[in-house]
Amino acid sequence: MGLSAVTVLGVDRPGVIAAVTGSLADCGANIQDSTMTLLGGHVAMMLLVSGELDSTELLKRLSASDLVVTASAIEARRHFCDEGDGLGYVLTVHGPDRPGIVSAVSAVLAADGGNITGMSTRLSGRLYVLIADVELPKEVDVAALMRQLAAVGASLDSEITFRPVEPDLI
Amino acid sequence: MLRLTGRRPTPRRALPCGRDPACFSFWGASGAVGGSPVDSARYRTSPTESGNPHDPPFRAACPPRSSTTGPSPCGHSVKRPGRQESAGGEPPHGCRDPGGTSSADAERTPGEAAGGTPREVLGAPHRLLSVVAEPVDPTAPEVVVAAADLLATLRSEPSTAGLAAPQIGLSWRLIAFDARRHPRSRSWAGELVVVNPRLAAASHWDHAREGCASIAGLTADVRRATRITVHGHLPGSGEPVTIEADAFEARCIQHQLDHLDGLLFLDRVPGALSLHRRLHTCDA
Ligand SMILES: [Zn+2]
């Protein structure tokens, strides 16, 4: 069974999700993982759908005047780390808004093989906030990584915290 | 430019201010972003930048502590050693008894209410919101004035249930809170200013959404203890005070304690999906 990645961008209005998912159902597509959020009043939705799909047909059915839709076949699910192999951390950066915060911080993580598995950034007034879920290979020297992050944070006038994911106890 | 404003009604219980009951600081009402320390010449101290034992290395948020001494089941008492109940025993800066009499408001003397001057609430990013605050002498006159100002500022922010001195530009270990207005409050220690507060016990951890008067427009789901015991001193008399708080009041106090250690709730967000933008029409 084929997998397709579908992205939907558009103006936020009631019924956008109903329209998109209705079209997918009509195509016989089965929604697996999906995420949706609002970015500056725009819908941003990404879906992993399965089914015997014709992406041309899918695009035709999903198209709407106020939506930008892409659909592409992708390979089977894959994982960067083997199950249970990575160490989970949460990174918080907050400080004055300026260009290059995300790239500077993510470059430090990437240099150690760290993988950002989720990220939210928000600008509220002058305050820029970045929260990232990070998976580190087991062999990473976390203390050294933290020192590097601290240096980057200082250069950006930002506060950085980097802490292990709280275990789910329940 | 599209706006989210006015799109989502809030079906939750309405508050007097009409704001989101999920946040103990319902709204950073002042919207004071990037404000400068107020009256810095008079009050500002030199906060320690390093070497303070309260400052965890690299701002690592402290791991949750498990309690060995849980609060009493009722969880809402304020113990004041050596103090007898008396109408005339009102300390100078607004400590009222839990479940106080119906005349609690009447007991607030004009002098007490007028004793402080509301100050501007600093908005993040601001250096004073990221440094460890200094312990102070609760009986020192300038601390008493600061406590009155902190309380006056809290009262002037109707959607805020707690403030810490760094938020008004003082890097001192003072917190003020009044959990009464919040719909999820159970314990209520009164309207209180505590000097040099320290967490003695914490248990029953839970996630809930919170905001901050210094952070306009954002909230996050943060894990906090729902039962805590806090020791500290009252301003003026220096009388020791122990607060046993639960539910919302416990969360509010822990949030203020974090301010004293230069931490914001943003530093405790458990993951990328736990950060939220407030969706209120007053988001301006
Ligand atoms: Zn706060």
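Both backbone and side-chain heavy atoms feed into the values below; hydrogens, waters and symmetry mates do not. Below, chain A is the first sequence line, B the second, and so on; all start at residue 1. These numbers come from a predicted model, not from an experiment.
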Side-chain heavy atoms of B:Asp267 within contact of A:His94, under 4.5 Å:
yes
Gap between atom OG1 of A:Thr161 and atom CG of B:Leu263 - 0.5 Å precision:
8.0 Å
Value rounded to 0.5 Å, distance of CZ in A:Arg122 from OG1 in B:Thr219:
9.5 Å
With no hydrogens and no angle check, is any side-chain donor or acceptor of A:Asp133 less than 3.5 Å from a backbone partner on B:Ala272?
yes
Do A:Leu127 and B:Leu266 come within less than 4.5 Å of each other through their side chains, counting heavy atoms only?
yes
Donor-acceptor contact below 3.5 Å, side chain A:Ser124 vs main chain B:Leu218
no
Looking only at non-hydrogen atoms, find the nearest pair between A:Val90 and B:Pro270 and report the distance.
CG2-O, 3.2 Å
Please tell me if the side chains of A:Arg163 and B:Val269 come closer than 4.5 Å, counting only heavy atoms from C-beta onward.
yes
Does the B:Arg277 side chain pair with the main chain of A:Leu123, one donor and one acceptor, at a distance under 3.5 Å?
yes
Is there a donor-acceptor pair closer than 3.5 Å between any side-chain N or O of A:Arg126 and the backbone N or O of B:Ala124?
no
